[in-house]
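Residue numbering restarts at 1 for every chain, and letters A, B, ... go by the order of the sequence lines. All of these numbers come straight from a predicted model, not from anything done at the bench.
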Amino acid sequence: MTEPEDYWDLEIKSSGSLFDLKLKDVWQYRDLLLLLVRRDFVSFYKQTLLGPLWFFVQPVITIMVYNLIFSNLAGIKTDGIPGPLFYLAGTIIWNYFADCLTKTSTVFKDNSAMLGKVYFPRLIMPLSVVFSNLIRFGVQFILFIMLLLYYLLAGYPIAPNACLLLFPVLILMIAALGLGFGMIISAATTKYRDLAFVVSFGVPLLMYTTTVIYPLSEVVKKYDNYSWLIKFNPLTAVIETCRFGFLGKGSFSWDLLLYSGIFTLVILFTGVIVFNKVEKTFVDTV
Amino acid sequence: MGKVIKVENLSKAYQLGDFGTGTISRDLERYWARFRGKEDPFLKIGEINDRTSKGASDIVWSLKDINFDIEQSDAVGIIGRNGAGKSTLLKILSRVTSPTSGSVKIKGRIASLLEVGTGFHPELTGGENIYLNGAILGMRKAEIKRKFDEIVNFAGVERYIDTPVKRYSSGMYVRLAFAVAAHLESEILIVDEVLAVGDAEFQKKCLGKMGDVSKSEGRTVLFVSHNMAAVKTLCNRAIVLANGQLAYDNKQLEAVSFYQANNNTKSSFEHTGNMEDAPGNQHIRVLKFIIRSLEGESISISSGLSFEITFFNQKAGINLDSTFELKNSDEIPVFHNGALISTNNDSKRGLYTVKGIIPAYLLNAGNYTFKLIFGENQRYLLYGADDFIGFEVENETKGSNSHLAPGVICPKLDYTVSYHE
């Protein structure tokens, strides 16, 4: 052997560094990440007649209901944008965030059988959630683009603009926010499950604290003193910027976006560290 | 040849009981102690892990100060009773959980098979699951592609490869799962009793594959099993764990016999004191179980033996039976035989004694354990106890042959010999 006698490839100890994220390991297991994403995607529509078309059904029905209730019945203004388009933009982004968060937050519990038997970098699991949902988001985004083209050709006053270039960054922010919050919750629920209950009813309610079914301009108009509450939600800036970029209506502010960006980074960083700390022994308590 | 695994002072503590509102104050206390840089106050009072006696604290050491080295291309059997810490050791070695203190140093890639078919998705086809399971076990996609045909061949499921695995028979499922695992290319392979699956033909194939892995491919194998016969054939070394501590570490044959000899030290049992504390439950309390030689002091092949059990029966007016299951040290059942105590629904509440005789020239030499089963109507279990008591049958010289004859039984048969010109 050419290696010295005291050279070891791996040392298993009780506690490692908090910041050792084993990103090299994650890269080694990239094939697993892809296969897990594929598994989620394929198993979603196995044994169905409509197949991947089911990805469209949920948002279509949702926006029809929203349009009926919030726009027609409650009369909440949509910044002059056609209702379906307005709601679809908000809904698909919100859904992406909510799916990332809820699926990541139960990642230890859902996969405990697998995680309790085999080692692979645990970070793969939440990452696969984010990527699987990204595919879902992508499919729904195609639906949005089709609807957008329809309204454009029909001559509605919609004006896509240069803010579109921010779109990839915005999606990254949504994913990071969902991932970060999800990892914090998943780490907090390995021993005491209480927080899991909060997530199950809290996430649908959280939708009303950001601009999914109403535009920010309406809040400012009606309750200017309290609009900071809505702006405080880091998702607000992301959704508003998206709407502004694609539809030309809505509010856009670098300040708010910067605030969201910093918020996202802090959450993601905290999430990764907490997750990294818990993953080593969660098997004993989950 | 060098060391590939070095285990130093490895310990792992577990918390017993339920996690609830009662445990959070203690958790906070522990965090506070660690925050100040002090030792965890609850680990100091931890006890060794003896599952049969109720301890004072609910922190228990599943492993305590384990030290050993493993050389390259060793095939090491890890044996011990249930709860001795075998699985905990494997979990730490395969990085599923972290130790509480101590360290393990490893050279080379390590793959663990604590269970076959981990991550199999019922909706995916056999082929898709080969890729997924392979990746979970640490293979790259290209590697799986290269071995795909070989895996399918080994499992013998060519025809079903495009069918979702939820339609597989349980045997096919397990064969496919083991086939993926067996084709892992790692320097160290950890296996946990996965061989207890499939039909006899497939089990043989698995054992053969495991033997190849360590003998001809020069890889290191760690093998946990209760199957002493398999440990004897596969391993060249064995480690015995008892109550979370290293009890014996040596050549496999010696370790196996050490384990078998210590597996059950009691060969007679007599309860003194309150009847409520005697082994049993609300139906049955076992007060006495004594095994004696029929001839002379020690039990040997030619002496035969008697066993006598005294117990208190609480359930009157039922059909009571007591059944004895004898197992040898390879965990092979020798017989399962019952005494019908009452057949007309007329059992009485009170003391019963049952005496049985195993004649000479039935049992071969070796270590045996009795499993006790008390039943109602020969159908419902009133009380059962594994490995309740054990005994040893001594070998004896037959003609010029003093070696132990193979076989589960050692009958004295009548032969007639005739010579034909």
If you measure from [atom1] on [X] to [atom2] on [Y], what distance do you get to the nearest 0.5 Å?
X        : Y        : atom1 : atom2 : result
A:Leu35  : B:His121 : CG    : NE2   : 13.0 Å
A:Tyr119 : B:Ile110 : OH    : CD1   : 11.5 Å
A:Lys117 : B:Leu137 : NZ    : CG    : 13.0 Å
A:Leu32  : B:Met139 : CG    : CE    : 12.0 Å
A:Glu11  : B:Lys6   : CD    : NZ    : 11.0 Å

Step through the shown structure and confirm whether more than 12 heavy atoms of other residues, nucleotides or ligands are within 6.0 Å of [atom1] on [X].
X        : atom1 : result
A:Phe137 : CZ    : yes
B:Phe120 : CZ    : yes
A:Phe167 : CZ    : yes
A:Gln28  : CD    : no
B:Lys166 : NZ    : yes
A:Leu205 : CG    : yes

For [X], is it the side chain, the backbone, both or neither that has a heavy atom under 4.5 Å from a heavy atom of chain A?
X        : value
B:Thr125 : both
B:Ile92  : both
B:Lys105 : both

Subject >> Per-residue contact mode, A:Asp40 against chain B (heavy atom under 4.5 angstrom) >> reply: neither
**OP:** Select one option (side chain, backbone, both, neither) describing which atoms of A:Leu115 are under 4.5 Å from chain B's heavy atoms.
**Re:** backbone
Subject >> B:Arg140 backbone acceptor or donor facing A:Asp31 side chain under 3.5 Å >> reply: no
Subject >> Contact winner vs chain B - A:Ile124, A:Val118, A:Asp194, heavy-atom pairs under 4.5 Å >> reply: A:Val118
Subject >> Residue among B:Val7, B:Ile106, B:Thr97 satisfying side chain to side chain contact (heavy atoms under 4.5 Å, CB included) with A:Ile12 >> reply: B:Ile106
**OP:** Flag the pair A:Arg38 and B:Glu128 as a salt bridge only when some basic side-chain nitrogen lies within less than 4.0 angstrom of an acidic carboxylate oxygen.
**Re:** yes
Original post:
What pair of heavy atoms forms the shortest contact from A:Gly116 to B:Val96, and how long is it?
Top reply: O-CG1, 3.3 Å
